[in-house]
Protein chains: 2
Amino acid sequence: METPSPSLVLDRETKASERPGDHKDELRLWLRLLTCSTLIETEIRNRLREEFKTTLPRFDLMAQLEKSTTGMTVGEVSQRLMVSNGNVTAVVAGLLADGLVDKRAAAQDRRVQVLTLTAQGRKAFKAMAERHEGWIAELFAGLDPTETTQLFRLLGRTKTSLHAAIAQRANGDKA
Amino acid sequence: METPSPSLVLDRETKASERPGDHKDELRLWLRLLTCSTLIETEIRNRLREEFKTTLPRFDLMAQLEKSTTGMTVGEVSQRLMVSNGNVTAVVAGLLADGLVDKRAAAQDRRVQVLTLTAQGRKAFKAMAERHEGWIAELFAGLDPTETTQLFRLLGRTKTSLHAAIAQRANGDKA
DNA sequence: TAAAATTATTTCAGACCTAAAATAATTTCA
DNA sequence: TGAAATTATTTTAGGTCTGAAATAATTTTA
């Protein structure tokens, strides 16, 4: 390998603030974040299909219901999972057909549909969740505890930044 | 806020290695990573639709083609974007219909379909890419350069860990 | 109270995505 | 050479996901 020329080194060390209008660093950061996310998602999807003949959206929906003792409405689930109401309706339809979820209109407000896991659903979820937790641990096994903590913290900062930017944009549209 | 009890502090500082079988930290890390990824993806999707009446898969596909002067095959694109061949075929069908992409069998190997941007496609992409880069910068604006660099590095480490775990699993299946 | 506005969910049309099977072209090798 | 294996892409069937329109129930308000 050649020694890099001074200009190349300089270029690599140039800060974004010194290159007005250039945001290639952020772009690379986003692409790397997306790659990690996609790799994990694809792998979990494959393993859920192979070992449990189920899908990630179904698992995610069951995971939400499992956390709530009193059940959740369609709207609550769709907010938590960051998917549309229509999508929740469709995924729930499959889970209902398989007897894993129960759906009933709330007594007080009959617009609202309350979703709960059936006994069978809880049992099925328990088995999957245990395996799932192990898979995630395997996937992150190459990071030491310090790195895991650091990454968690930085992603927290990222989340804050994203919420701020998205809220600002939403306000701007209103004005 | 109450002062946390000693046991709570101890618990919070307990390392995963000291809690055999527990991998809640990695699970939380994955959920946070997924949240960030989903927030960005949804926001970019919305902005592409509002400002350019296009979709993220189309943009991503065009971005790949734009990087290559000689064109790319369906297989190359599907590998880069980490989607199935069939999906590339479908998204390309839309871009072909809109005159943004050109598809032709390679002269040497007629199994291979070579995809290139048309002049119109290059022009349309250029406009979108400029805006896109700005959006990403906005979304990450809450991180300072040190944090951006740190996060990029840690996601690199994560990618390595993921590839290792996925490869190991693939080998295990073979044996 | 009755019309209007709001809220929760479902339906719809359409794009996306996958795995697996089918098709088509090329390469290997007996 | 020509059958078999390999490689590249498309097709198919089915699940996922969206935004927008439709439906249905509740709350507001005139």
Side-chain angles (χ1 to χ4, degrees), chain A residues 34 37-39 41-62 71-98 100-101 103-115 173, chain B residues 34 37-39 41-62 71-98 100-101 103-115 173:
Chain A
L34 180 60
S37 189
T38 304
L39 282 172
E41 213 174 306
T42 302
E43 190 64 15
I44 297 301
R45 217 179 270 280
N46 288 342
R47 295 185 186 192
L48 282 174
R49 187 182 55 259
E50 287 167 17
E51 293 200 20
F52 296 104
K53 300 194 189 317
T54 192
T55 66
L56 190 52
R58 283 182 189 218
F59 177 80
D60 288 342
L61 204 153
M62 290 175 80
M72 292 174 80
T73 70
V74 170
E76 284 167 351
V77 171
S78 89
Q79 268 204 316
R80 281 306 194 92
L81 297 181
M82 298 193 275
V83 301
S84 67
N85 279 344
N87 185 28
V88 172
T89 299
V91 174
V92 164
L95 293 170
L96 280 171
D98 291 350
L100 300 168
V101 158
K103 177 171 97 167
R104 56 186 60 186
Q108 334 79 286
D109 183 343
R110 280 164 48 225
R111 290 172 303 184
V112 172
Q113 298 290 329
V114 178
L115 307 170
D173 281 357
Chain B
L34 180 60
S37 189
T38 304
L39 282 172
E41 213 175 307
T42 302
E43 190 63 15
I44 297 301
R45 214 179 273 279
N46 288 342
R47 295 185 185 192
L48 282 175
R49 187 182 55 258
E50 286 167 17
E51 293 199 19
F52 297 104
K53 300 191 190 318
T54 192
T55 65
L56 189 52
R58 281 182 190 219
F59 177 80
D60 288 342
L61 204 154
M62 291 175 80
M72 292 175 80
T73 69
V74 171
E76 284 167 351
V77 172
S78 90
Q79 267 205 314
R80 281 307 194 92
L81 297 181
M82 296 194 276
V83 300
S84 67
N85 280 343
N87 185 27
V88 172
T89 298
V91 174
V92 164
L95 294 171
L96 281 171
D98 291 351
L100 300 168
V101 159
K103 177 171 98 169
R104 56 187 58 185
Q108 334 81 284
D109 183 343
R110 281 164 47 225
R111 288 171 305 183
V112 171
Q113 298 289 329
V114 178
L115 306 170
D173 281 357

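All values below come from the heavy atoms of this structure, side chains included, with hydrogens, waters and symmetry mates left out. The sequence lines fix the lettering, A, B, ..., with proteins before strands; numbering per chain opens at 1.
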Letter per nucleotide, 5' to 3', of nucleotides 11-18 of chain C [B base touched, S only sugar-phosphate touched, - untouched; heavy atoms, 4.0 Å]
B----SBB

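- By the side chain to side chain contact (heavy atoms under 4.5 Å, CB included) test, B/Gln79 pairs with no residue at all, sequence neighbours left out.
- Considering only residues two or more places apart in sequence or on other chains, B/Glu43 meets the side-chain hydrogen bond (donor to acceptor under 3.5 Å, both in side chains) condition with B/Arg47.
- Applying the side-chain hydrogen bond (donor to acceptor under 3.5 Å, both in side chains) criterion to A/Arg49, with sequence neighbours excluded, gives A/Asn46.
- With sequence neighbours excluded, the residues that form a side chain to side chain contact (heavy atoms under 4.5 Å, CB included) with B/Arg80 are B/Gln64, B/Lys67, B/Met72.
- One end of the helix from C/dT1-D/dA30 to C/dA30-D/dT1 points its axis 0° away from the other end's axis, with each axis taken from 5 pairs and the angle rounded to 10°.
- Between B/Met82 and A/Thr42 the shortest side-chain heavy-atom distance does not fall below 4.5 Å.
- Residues passing the side-chain hydrogen bond (donor to acceptor under 3.5 Å, both in side chains) test with B/Asp109 are B/Arg111, sequence neighbours excluded.
- The NZ atom of B/Lys53 sits 14 Å away from the P atom of D/dG19 (whole-angstrom rounding).
- Here B/Arg45 pairs with B/Glu41, B/Leu56, B/Pro57 under the side chain to side chain contact (heavy atoms under 4.5 Å, CB included) rule; sequence neighbours left out.
- For the side-chain hydrogen bond (donor to acceptor under 3.5 Å, both in side chains) test, residues two or more places apart in sequence or in another chain that qualify with B/Arg58 are B/Asp98.
- Among pairs with a residue in residues 81-97 of chain A, those fulfilling side-chain hydrogen bond (donor to acceptor under 3.5 Å, both in side chains) read A/Ser78-A/Asn85, at least two apart in sequence or across chains.
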Contact list (N/O, under 3.5 angstrom) for nucleotides 23-27 of chain C vs protein:
unit_1: C/dT26; atom_1: OP1; unit_2: B/Arg110; atom_2: N; d: 3.1

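- Between B/Leu96 atom CG and D/dT10 atom C1' the separation is 13 Å, expressed in whole Å.
- A/Ala93 meets the side chain to side chain contact (heavy atoms under 4.5 Å, CB included) test with no other residue; sequence neighbours excluded.
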